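Following: one structure in structure tokens, then a few remarks.
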Amino acid sequence: QVRLVESGGGLVQAGGSLRLSCAASDIIFSIYRMGWYRQAPGKQRELVADITSDGRPNYADSVKGRFTISRVNANNTVCLQMNRLKPEDTAVYYCNARVWRDFWGQGTQVTVSS
């Protein structure tokens, strides 16, 4: 049974930082494209960043230069370092694993106060 578990969310003031982690189990982690998505109340889920199986990252324009995605295949872990956070970054952040289909974590709340 595939399982993705996010951690690291919380409440932070604008300009602060958080680091999100996603731990995967029952998955051949190294072959998956891994990503982070977010969804704010009343809005569509959107891609924040993803990273290919060989380590090439991709970022949404809104977070480029502030967020960094990384993966450690040996630990079945993908992380999202979030710096210079803004109130508009407030959302539930979801871990995603993709090859021929998508697997999703339960999400972790990130709240950025002004």
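Side chains included, hydrogens not; waters and symmetry mates left out as well; all remaining heavy atoms used. The structure presented is a predicted model; accordingly, all values stated were derived computationally and were not measured.
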Supply the atom-to-atom distance [X] [atom1] to [Y] [atom2], rounded to the nearest 0.5 angstrom.
X	Y	atom1	atom2	result
Leu85	Thr111	CG	OG1	10.5 Å
Arg66	Asn83	CZ	CG	9.0 Å
Gln13	Ser114	CD	OG	9.0 Å
Phe67	Cys79	CZ	SG	14.0 Å
Ile69	Asn58	CD1	CG	9.0 Å
Leu80	Cys22	CG	SG	11.0 Å

With the side chain counted from C-beta on, respond yes when [X] and [Y] share a heavy-atom pair under 4.5 Å apart, and no when they do not.
X	Y	value
Leu20	Met82	yes
Gln81	Ser70	no
Phe29	Arg71	yes
Val112	Glu88	no

Closest non-hydrogen atom pair, Ser30 against Ser53: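 Between these two residues, the closest heavy atoms are O-CB, 3.1 Å.
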Ser113 to Leu11 - nearest heavy-atom pair and separation: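 Looking at all heavy atoms of both residues, the closest pair is OG-CD2, 4.4 Å.
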Are [X] and [Y] grouped together when hydrophobic residues (ILVMFWY) are joined by side-chain heavy atoms under 4.5 angstrom apart?
X	Y	answer
Val78	Ile27	yes
Trp36	Val2	yes
Ile31	Met34	yes
Ile28	Leu4	yes
Val48	Val12	yes

[X] [atom1]: over 12 foreign heavy atoms closer than 6.0 Å:
X	atom1	result
Gln106	CD	no
Leu47	CG	yes
Arg3	CZ	no

Step-by-step side chain to side chain contact (heavy atoms under 4.5 Å, CB included) determination, Tyr32 to Ile51: CA-CA 9 Å; Tyr32 277 77; Ile51 186 167; over 6 Å; no
Taking only distance into account, with no hydrogens and no angle test, what donor-acceptor pairs under 3.5 Å do side-chain atoms of residues 92-99 form with protein atoms, sequence neighbours excluded?
| from | atom 1 | to | atom 2 | distance (Å) |
| --- | --- | --- | --- | --- |
| Tyr93 | OH | Arg38 | NH1 | 2.9 |
| Tyr93 | OH | Asp89 | O | 2.6 |
| Arg98 | NE | Asp102 | OD1 | 2.5 |
| Arg98 | NH1 | Tyr37 | OH | 3.4 |
| Arg98 | NH2 | Tyr37 | OH | 3.1 |
| Arg98 | NH2 | Asp102 | OD1 | 3.4 |
| Arg98 | NH2 | Asp102 | OD2 | 3.2 |

Main-chain N/O of Gln1 paired to Asp26 side chain as donor or acceptor, under 3.5 Å: yes
